[in-house]
Amino acid sequence: YADDASVLNDSVIQNWAEESSDTERAAIPGFPNAIENKEKLISILTNIMFNCSAQHSAVNFSQYEYVGYVPNRPDSLFKPMPKVEGDIKADYIDEAMPNMVIGQFQVLFSYLLTTPSDTPLTTLDVMKERLPEVHSKFHGALNTISEEIIARNMGLLDKGEADYPYLLPARIASSIDI
């Protein structure tokens, strides 16, 4: 868009904003009922892209470490929580935990959900031919981010701490792909 007026006069964008904010249709909390300028449009699109790629990947792909071991985070318990603090004993845990079939399903399902994406950010080349300078700058930024994360994670591992690889561009899905 050449200017703010072209954003404001684009009926497709304005209809999208109206539908997205309408409580009888999309009802997205906080979504504006009109997009008046380029800055607002950029902000909205950036937010959507972040939430559908990096945010989703950071939350989704780290699940296996937490739910892949059922006693750590059972998806279901088969006994109500005790009413008295301190009443959680070994026999309560044995009775409350899911059986082997349900536990296996939890492990396999969490593994399935956390399988790395086939289309990470580092493979995006849809605009490579049309906007080669932008494509090159984008991938250069991804490389810089990767180097910083790898260095930080190496430092954490050297100190005996857990690394956090989920925001490495090569691990961030281009979209929500479950």
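Every heavy atom of this structure was used, including side-chain atoms; hydrogens, water molecules and symmetry mates were not.
Partners of Glu65 according to the side-chain hydrogen bond (donor to acceptor under 3.5 Å, both in side chains) rule, which considers only residues two or more places apart in sequence or in another chain, are Tyr166. For Val107, the side-chain contact (heavy atoms from CB on, under 4.5 Å) partners at least two apart in sequence or on another chain are Tyr64, Val70. Under the side-chain contact (heavy atoms from CB on, under 4.5 Å) criterion, Asp22 pairs with Glu24, Arg25, not counting sequence neighbours. By the salt bridge (Lys or Arg N to Asp or Glu O under 4.0 Å) test, Glu95 pairs with Lys79, sequence neighbours left out. Among residues two or more places apart in sequence or in another chain, the side-chain contact (heavy atoms from CB on, under 4.5 Å) test is passed with Ala173 by Ser57, Phe61, Ser117, Asp177. In terms of the side-chain contact (heavy atoms from CB on, under 4.5 Å) criterion, Asp158 has no residue partners (sequence neighbours excluded).
Formation of a donor-acceptor pair under 3.5 Å by the Gln14 side chain with backbone atoms of Ile35 is found in this model. Under a 3.5 Å cut-off, the side chain of Ser21 and the backbone N or O of Glu18 do form a donor-acceptor pair. With hydrogens and angles disregarded, a donor-acceptor distance shorter than 3.5 Å links the side chain of Asp3 to the backbone of Ser6. A side-chain donor-acceptor contact under 3.5 Å links Ser174 to the backbone of Thr119. Using a distance-only test at 3.5 Å, with no hydrogens or angles considered, no donor-acceptor pair links the side chain of Asp4 to the main chain of Glu36. Judged by distance alone, with hydrogens and angles left aside, the side-chain atoms of Asn72 form a donor-acceptor pair with the main-chain N or O of Tyr66 at under 3.5 Å.
Of all heavy-atom pairs spanning Ile102 and Ser76, the tightest one is CG2-OG, 4.1 Å.
Sequence neighbours left out, not one pair with a member in residues 69-97 passes ring pair (Phe, Tyr, Trp, His ring centres under 6.0 Å). Among residue pairs with one or both ends in residues 21-41, those qualifying as ring pair (Phe, Tyr, Trp, His ring centres under 6.0 Å) are Trp16-Phe31; sequence neighbours excluded. Counting only residues at least two apart or on different chains, no side-chain hydrogen bond (donor to acceptor under 3.5 Å, both in side chains) pair has a member in residues 100-115. Among residue pairs with one or both ends in residues 32-51, none qualify as ring pair (Phe, Tyr, Trp, His ring centres under 6.0 Å); sequence neighbours excluded.
Under the 4.5 Å side-chain criterion, counting only non-hydrogen atoms from C-beta, Pro71 is in contact with Met97.
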Table please: side-chain donor-acceptor pairs of residues 139-156 below 3.5 Å, with sequence neighbours left out.
| unit_1 | atom_1 | unit_2 | atom_2 | d |
| --- | --- | --- | --- | --- |
| His139 | NE2 | Leu124 | O | 2.8 |
| His139 | NE2 | His135 | NE2 | 3.2 |
| Asn143 | ND2 | His139 | O | 3.3 |
| Thr144 | OG1 | Gly140 | O | 3.1 |
| Ser146 | OG | Leu142 | O | 3.0 |
| Arg152 | NH2 | Tyr164 | O | 3.1 |
| Asn153 | OD1 | Tyr164 | N | 3.0 |
| Asn153 | ND2 | Tyr164 | O | 3.2 |

Side-chain donor/acceptor pairs under 3.5 Å, residues 38-45, sequence neighbours excluded:
| unit_1 | atom_1 | unit_2 | atom_2 | d |
| --- | --- | --- | --- | --- |
| Lys38 | NZ | Tyr1 | O | 3.3 |

